[in-house]
Amino acid sequence: MNHGMQNKEALFDWLTQSMEQIAQALSTSLDVREVPGIILDQLPRVVPYERGSILLRDGNILRIVAMRGFPPGWPADTRVPIRENDVFQQIVESRQALLIDDVTKTSAWLQVEGLPINHSWLGVPLVSKDRVIGMVSLTRQEAAAFRPEEISLIRASASQATVALVNAGLLNDLERLNEQLEHLVQERTEELKRAYARLEKIDQAKTSFISIAAHELRTPLTLINGYTSLLGSVVKENKDASPLVEGILTGERRLLDVVNSMIDVSKIDTQELLVCKTAVNLWLIIRVIQSEYKTALKERQIEFNVVDVEQLPEIQADSQLLSKLFRQLIGNAIKYTPNGGSITVQGSVISGKGSGEGQGDSVEILIRDTGIGIDPAYQEVIFDKFYQMGSVELHSSGKTRFKGGGPGLGLAIARGIVQAHGGRIWVESPGHDEKTFPGSCFHVVLPV
Ligand code: ADP
């Protein structure tokens with residue numbers, strides 16, 4: 001480099017080129033620990049020196065992180081204390097570069113033992129966020145070897161070096177953070193695995209409890225049912241006794257429904273649900289269910305519409321299970337729709353490609369009501385067993401009474417039935433509101 005360069009433009013060009021080279025060398029360095037060394041290797045393009053080092057500040061200690069031109073075997077991690085009034089303290093305080101023409105002639109200089117005396121010294125601070133984080137120290141053997149204009153050149157390199165060092169520091173921190181995070185993630189994963197295994201066990205216990213309880217209940221229930229029916233025929237003539245027996249029978253039927261639901265749910269859990277497929281006409285199923293609910297619909301003044309279901313193709317499915325599915329969904333629609341509302345069952349065919357189920361065609365049945373709706377936060381969990389949102393006092397208060405709760409098994413069974421057919425079920429609703437009645441729309445997609 002021509003130090004006698006007079007032409008300002010040429011100097012500027014040269015300087016930007018050197019800067020770019022330094023920047024490039026820094027940005028392609030993969031190992032952050034190499035950064036200080038790269039700075040020292042690139043610096044002679046800007047300011048030639050004979051011995052140079054980069055020191056990072058740790059309170060009142062300067063730690064050499066890279067050095068060039070030191071005697072062979074010089075310890076790699078030399079520490080230099082910052083002393084009262086010495087050159088380093090002057091730089092830390094002033095945040096300005098310091099040029100000494102002859103170190104032997106200043107009291108602020110303390111010669112490090114074992115280092116040959118180089119007379120000229122140039123110290124340039126590395127300043128980040130108004131703080132001196134370290135410095136570049138360059139020496140030349142001759143006295144007055146550095147020229148004042150070289151200070152501005154090296155200052156520019158130093159600011160670049162600072163950015164690189166700060167980034168490198170950040171990267172180091174990031175690497176550490178990454179390691180810590182990875183460790184944490186591993187720990188948490190282990191915890192989750194253990195918790196999951198525990199939950200699985202609890203769930204299994206719950207399933208077998210349901211199954212045992214249901215089967216144990218069903219036997220005596222059948223007995224009671226048989227005797228009550230007998231009692232009914234014995235007291236047939238007795239006007240006072242007949243309604244009592246009728247009441248007992250209604251209660252028993254409801255109990256049997258619950259017990260059967262429990263058995264269904266445990267079958268679904270243990271994947272024992274048997275699907276006997278035949279050609280099924282969905283329209284017929286819906287019509288039968290409509291007539292089953294005829295009294296309730298009339299009492300509750302709920303309009304019931306069936307749209308585009310008649311022209312649906314027959315599907316291969318278990319007709320009993322599908323009856324159970326739609327009985328449940330329509331029953332729920334009645335239960336959660338206020339008097340005077342409406343329920344619409346609508347069918348459509350989804351062609352193979354659009355169905356998202358893979359190859360064949362599917363049918364989609366919507367059960368739309370004008371009821372209280374379902375909060376989006378609960379639209380997934382309502383399909384879990386024993387999940388109900390109503391208060392417990394409402395339980396078993398009636399199959400079709402407005403908001404009359406149940407055991408929370410209906411939708412779990414519905415989902416089990418749909419999944420056993422290779423289909424999908426979900427609900428859409430703007431939210432839950434018992435004043436504006438936004439309604440819910442249950443979607444059932446079944447392969448043809
Ligand atoms: P439940 O026996 O309580 O009716 P389900 O599994 O059938 O149990 O339903 C679970 C919950 O989902 C219900 O408690 C209710 O809060 C909500 N839900 C089901 N269907 C509807 C609907 N059509 N409109 C509003 N909420 C519904």
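Start at 1 and go down the list; that is how both ligands and their atoms are numbered. Everything quoted here is computed from the prediction, not taken from an experiment. Numbers for residues simply follow the sequence, beginning at 1. Hydrogens, waters and symmetry mates are skipped; everything else that's a heavy atom, side chains included, is used.
- The residue Leu329 has no part lying near ligand 1, judged by heavy-atom distances below 4.0 Å.
- The residues Asp58 and Arg79 are annotated as not salt-bridged, no charged nitrogen and carboxylate oxygen being separated by less than 4.0 angstrom.
- A donor-acceptor contact under 3.5 angstrom links the side chains of Glu434 and His432, judged on distance only.
- Between Arg83 and the options Val87, Asn85, Val80, Asp86, a side chain to side chain contact (heavy atoms under 4.5 Å, CB included) holds for only Asp86.
- Residue contacts with ligand 1 include Phe442, since one or more of its heavy atoms lies under 4.0 Å from the ligand.
- For Glu237, the CD atom counts as loosely surrounded, since its 6.0 Å shell holds 12 or fewer non-hydrogen atoms of other residues, nucleotides or ligands.
- A salt bridge is defined here as a Lys NZ or Arg NE, NH1 or NH2 lying under 4.0 Å from an Asp or Glu carboxylate O, and Asp264 with Lys324 meets this definition.
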Point to revise | Criterion salt bridge (Lys or Arg N to Asp or Glu O under 4.0 Å) on Asp369 and Lys335, from CA distance to verdict | key: CA-CA 10 Å; Asp369 63 47; Lys335 225 162 50 172; over 6 Å; no
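- Under a 4.0 angstrom heavy-atom cut-off, Lys385 registers as lying outside contact with ligand 1.
- The distance from ligand 1 to the heavy atoms of Gly373 drops below 4.0 Å at these ligand atoms: 25 (C).
- Close N/O approach between Ala412 and ligand 1 is not found [any backbone or side-chain N/O within under 3.5 Å].
- Ligand 1 lies within reach of Ser440, whose nearest heavy atom is under 4.0 Å from it.
- By the 4.0 Å N-to-carboxylate-O rule, Glu246 lies close enough to Arg253 to be salt-bridged with it.
- A heavy-atom separation below 4.0 Å is found between Gln328 and ligand 1.
- Around atom 20 (N) of ligand 1, the closest heavy atom drawn from Val427, Asn332, Ile382 belongs to Asn332.
- The contact set between ligand 1 and Gly408, taken as ligand atoms under 4.0 Å from a residue heavy atom, comprises 1 (P), 2 (O), 3 (O), 6 (O), 8 (O).
- Contact atoms of ligand 1 toward Leu411: 5 (P), 6 (O), 7 (O), 9 (O), 10 (C), 12 (O), 19 (C) (distance under 4.0 Å to a heavy atom of the residue).
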